[in-house]
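Given the structure is predicted, the values throughout are model-derived calculations rather than measurements.
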Amino acid sequence: MIDEEFLDTVIGPAPEGWALGEVIIQIERPKRKRLQVEAWKRGPFAMHEREFADGRETVLTHAPTGLRIFSFPSVEQTIELADRIEPLTDWSAITKKMPLGSDLYPKVREIIDDINQR
């Protein structure tokens, strides 16, 4: 079920190689729900921004499932993550949440940690 709410969640023009579109995201907490949000899309990924009282973050989402991959404070970090993880697997073949024991999980986590350490 999709909530009736649609969220405008991008600011400014799409980054190079990304196009404005919509994606249905899965929110797991505090309760599971699905929201349709405005996003920049490229291949199997969508990227949207969330605003909090203390700042913004850019969320990278696996577009086919609507599941969040990771969030960074900057669009540039989020684009770098997408660029670096895209060649790791056939993202269009993924249909559910990546289990912790998968071979892909530690590879993605290593890239996230590398980006975070800079």
Side-chain angles (χ1 to χ4, degrees):
M1 177 173 161
I2 300 172
D3 289 349
E4 296 298 317
E5 184 177 7
F6 174 81
L7 301 176
D8 293 321
T9 58
V10 296
I11 295 175
E16 186 176 337
W18 295 74
L20 186 62
E22 297 172 3
V23 67
I24 297 171
I25 62 170
Q26 302 267 354
I27 298 174
E28 301 291 324
R29 294 183 184 117
K31 65 178 185 170
R32 179 179 280 192
K33 66 181 186 176
R34 295 163 41 110
L35 291 175
Q36 185 174 357
V37 299
E38 180 181 54
W40 294 308
K41 295 178 82 175
R42 186 189 80 193
F45 303 118
M47 177 173 55
H48 69 279
E49 297 173 306
R50 293 184 357 176
E51 190 168 335
F52 298 95
D54 59 348
R56 300 184 71 76
E57 69 178 8
T58 306
V59 181
L60 184 64
T61 299
H62 178 247
T65 61
L67 293 170
R68 176 184 166 277
I69 296 172
F70 198 76
S71 303
F72 285 105
S74 77
V75 171
E76 293 77 19
Q77 289 172 303
T78 308
I79 291 171
E80 180 182 351
L81 176 61
D83 289 345
R84 290 178 62 184
I85 68 172
E86 189 166 15
L88 296 179
T89 193
D90 177 4
W91 289 92
S92 64
I94 297 173
T95 60
K96 60 184 178 182
K97 187 173 183 175
M98 185 174 30
L100 290 177
S102 78
D103 292 340
L104 184 58
Y105 182 85
K107 294 174 187 175
V108 171
R109 190 72 235 179
E110 183 178 337
I111 292 169
I112 290 168
D113 291 345
D114 180 59
I115 294 169
N116 267 329
Q117 290 174 4
R118 287 191 242 133

Output for pair (Thr78 OG1, Asp83 CG), nearest 0.5 Å, gives 11.0 Å

Do you reckon Ile27 sits in the same ILVMFWY cluster as Leu67, going by side-chain contacts under 4.5 Å, direct or chained?
no

Quick one: closest heavy-atom pair of Pro15 and Trp40, and the distance?
CD-CD2, 3.5 Å

Measure the spacing between NZ of Lys41 and CD of Glu22 and express it to the nearest 0.5 Å.
8.0 Å

Verify same cluster id: Phe45, Ile79 (apolar side-chain graph, 4.5 Å)
yes

Between the NE2 atom in His62 and the CD1 atom in Ile25, the distance rounded to the nearest 0.5 Å is 15.0 Å

Nearest heavy-atom pair of Pro73 and Thr58: which atoms, and what distance?
O-OG1, 4.4 Å

Taking every heavy atom of Pro64 against every heavy atom of Pro44, the minimum-distance pair comes out as CD-O, 3.4 Å

Kindly work out whether a path of hydrophobic side-chain contacts (I/L/V/M/F/W/Y, heavy atoms less than 4.5 Å apart) joins Ile94 to Ile112.
yes

Measure the CD1-CZ distance between Ile115 and Phe70 for me, rounded to the nearest 0.5 Å.
9.0 Å

Would you say that Arg109 contacts Asp113 through its side chain, given a criterion of any heavy-atom pair below 4.5 Å between the two side chains?
yes

Here the pair of heavy atoms bringing Glu57 nearest to Ser71 is OE1-CB, 3.4 Å

Is there a side-chain contact between Arg84 and Asp114 in this structure, where contact means two heavy atoms from C-beta onward sitting under 4.5 Å apart?
yes

What heavy-atom pair brings His48 and Thr61 nearest, and what distance separates the two atoms?
CE1-OG1, 3.8 Å

Can you tell me if Glu110 has over 12 outside heavy atoms packed within less than 6.0 Å of its CD?
no

Side-chain heavy atoms nearer than 4.5 Å, only ILVMFWY residues, links allowed to pass through others: does that put Val59 and Phe72 together?
no

Measuring from Asp103:CG to Thr89:OG1, what's the distance to the nearest 0.5 Å?
9.5 Å

Kindly compute the distance separating CG (Leu81) from CG (Asn116), expressed to the nearest 0.5 Å.
9.5 Å

Pair Leu20-Glu38, side-chain contact (heavy atoms from CB on, under 4.5 Å): steps then yes or no
CA-CA 7 Å; Leu20 186 62; Glu38 180 181 54; 3.6 Å; yes

Would you say Leu60 and Val75 are hydrophobically clustered, going by side-chain heavy atoms of ILVMFWY under 4.5 Å?
yes

If we only count heavy atoms from C-beta on, is the Glu86 to Arg42 side-chain gap below 4.5 Å?
yes

Does the Trp91 side chain pair with the main chain of Ala63, one donor and one acceptor, at a distance under 3.5 Å?
no

